[in-house]
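The structure under discussion appears below in the form of structure tokens.
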Amino acid sequence: MPYSMKLKDWVQECANLCKPDSIYWCNGSDEEYQMLVNKMLEDGTFHKLNEETYPNCYLSYSNPNDVARVEHLTFICTKNEKDAGPTNHWKSPDEMKKIMREVYDGCMKGRTMYVVPYVMGPLGAPASKVGVEITDSAYVVANMKIMTRMGQKALDSMKDEYDYVAGLHSVADCNPERRYIAHFPEEYLIWSVGSGYGGNALLGKKCFALRIASWLAREQGWMAEHMLILELETPDGKKSYITAALPSACGKTNLAMMVSALENEGYKVKTVGDDIAWMYIGDDGRLYAINPEAGFFGVAPGTNPKTNPNAIASLHKNSIFTNVALTKENEPWWEGYTKEKPEGMKDWQGKDYSGEGNAAHPNSRFTAPAAQCPCISSEFENPKGVPIDAILFGARRATNVPLVYEALSWQHGVFVGATMSSETTAAATGAVGVIRRDPFAMLPFIGYNAGDYFQHWLNMGKKLGDKAPKIFHINWFRTDEDGKFLWPGFGDNARVLKWIHERMEGKADAKATAIGNVPTPDALDTKGLDVTKEQIEKVLDVNNANWKSELPGMKEFFDKFGDTLPKEMWDEYKALEQRLG
Ligand code: O2Y
Ligand code: MN
């Protein structure tokens, strides 16, 4: 029984509501991309960057009131409020549609309505899915061309006229008072209005690939997760695959594209995905992952040839930059790109930069084709995906949480994911640096009741049985008493991956602690590292007295779910309480 409307009928219905001057069906060709670029150069949406150093690259500024995802304006609109759960904003589908129809009504007068068919996932992959985004933003179309497999090939991939997730987007008057990002999972439908930026407007990404997909995944028995996928090649030439869930802008892109400090020892890292993983159980009973995206929508600030040379190499051609600064040489720039600020820049709003404050917006972005990444895995386009050996949950925590620990079982791992907490960053609007609970790094992205989502994880574990990947928790951000990082991070994180790999092989030593298995200081390869033994002990330390202070926050979080929280989560909570003594 299809839930979507017949595609042509839905497009007509959207046109009747939004009343565009014309309708354009995107075919995804390079000529079409050039046509859109020319239009945007003409109307000032795009600024062409230095053709010698950044060929086919463009800079765009968003409205200053529209620079990030808006979680407080993001809704899950299910018939029953309980199905959205306590972590989502909810409105009934009828009420939400009534509010939004008023904004959509005639919003595309004088504009073109682009119909953008796209595939999430490698073409021909059984796990891939088709979406169709209707938008009045040429900027969105251009970004979708990089981020997805877009155009005629998507129409060709549809099994029938109902086989797509629908997304209606309009920038409308870009008014924060009339801005809504609404999901109707029961209808496989997304409505977004009033924003032209990132996750609010590129509907294939957070709206489809996480919120709607997580709903579909539970219905259909797979997983849609906010996870990077990396390939770890080991000295014996074998490849293992690891997914990792880390909250926004906490080193996720850097980990996905890491240049391993242990390359000489034979530990090499390649990228399969930097943000989202769709995982399903293969015919052999193992968990497989595909990256549904075709590009990177990466945070620019902090990215430089030292922190992430692979991202820098990826973005030097055929890329779009949003809200970065512009140098005299007509090149993009952002805080942390170079130590010295170049003279004579324009800031992220196109004004002469005075030297005060940020030149680029803290949430400025690059959109780059994944295929341009020098470390892209040869498995990136594999329709089968890659078999997952380990799942990592991560966080940015200055205290308590050790560099790495191994969960005691799948069920304990689900508890570790469910109780993740991290210090907030600039990717979402709101306070920065505050600790917030972010289960599975999915808090803003679970498209249904999070209690049911935890249950779905438990169910998947039961299906996987002894073929389930091992689960670990990582934290690169622990500090000493003076607030200095205890671990060098970046390429040296390969040392942690090495321990994880050796644990999977049953080779590395670990110490059992109340929270899980932590490397013994000697089990971690620190050869050639400029850190003291005391530092290593500190970064691995698990202090039971301090950990007890984590319990009330976990309990308070779990209490929110009432009877939708699986009993197994309370069992794990009590077991932790007991182990802490
Ligand atoms: O601020 C936005 O609209 C983008 S947020 C984003 C972009 C790429 C990857 N991840 C995220 C995120 O917030 O998790
Ligand atoms: Mn993300």
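Atoms within a ligand are numbered from 1 in the order they appear, just like the ligands themselves. Source: prediction; values computed, not measured.
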Item checked: Gap between atom CE of M554 and atom CZ of F415 - 0.5 Å precision -> 4.5 Å

Notebook entry, point to check: Can a non-hydrogen atom of K252 be found less than 4.0 Å from any atom of ligand 1?
Noted result: no

Note to self: Looking at E71 and K206, is there a salt bridge between them, counting it only when a charged N and a carboxylate O are closer than 4.0 Å?
What the structure shows: no

Notebook entry, point to check: Got an N/O contact under 3.5 Å between F297 and ligand 1?
Noted result: no

Notebook entry, point to check: For Y197 and ligand 1, does the shortest N/O to N/O distance drop below 3.5 Å?
Noted result: no

Next item on the list: Using distance alone, decide if ligand 1 has a nitrogen or oxygen within less than 3.5 Å of any nitrogen or oxygen in H226.
Entry: yes

Check: If you look at every heavy atom in P64 and Q349, which pair is closest and at what distance?
Finding: CG-OE1, 3.3 Å

Checklist line | Residue K206, metal the Mn ion (ligand 2), N/O/S under 2.8 Å | finding: yes

Next item on the list: Measuring from the Mn ion (ligand 2), name the closest N, O or S atom belonging to D275.
Entry: OD1

Check: Are any of the N or O atoms of R69 closer than 3.5 Å to those of ligand 1?
Finding: yes

Next item on the list: Could you tell me which atoms of ligand 1, counted from 1 in the order shown, lie closer than 4.0 angstrom to a heavy atom of K205?
Entry: 7 (C), 8 (C), 9 (C)

Check: Looking at N200, D136, T135, which one forms a side chain to side chain donor-acceptor pair (under 3.5 Å) with H169?
Finding: T135

Note to self: Under a plain distance cut-off of 3.5 Å, with no hydrogens placed, do S364 and W348 share a side-chain donor-acceptor pair?
What the structure shows: no

Next item on the list: Look at R149 together with E293 and state whether they make a salt bridge at an N to O cut-off of under 4.0 Å.
Entry: no

Checklist line | Salt-bridge present (K470, D389; N to O < 4.0 Å) | finding: no

Margin query: I'd like to know if R397 and E550 make a salt bridge, using a cut-off of under 4.0 Å between side-chain N and carboxylate O.
Written below: yes

Checklist line | Proximal ligand 1 atoms for G198, defined as those under 4.0 Å from one of its heavy atoms | finding: 3 (O)

Item checked: Contact partition for N363 relative to ligand 1, non-hydrogen atoms under 4.0 Å -> side chain

Note to self: Out of all atoms in ligand 1, which are within 4.0 Å of some heavy atom of G199? Include the element for each.
What the structure shows: 2 (C), 3 (O), 4 (C)

Notebook entry, point to check: Can you list the atoms of ligand 1 that are under 4.0 Å from a heavy atom of D275?
Noted result: 9 (C), 10 (N)

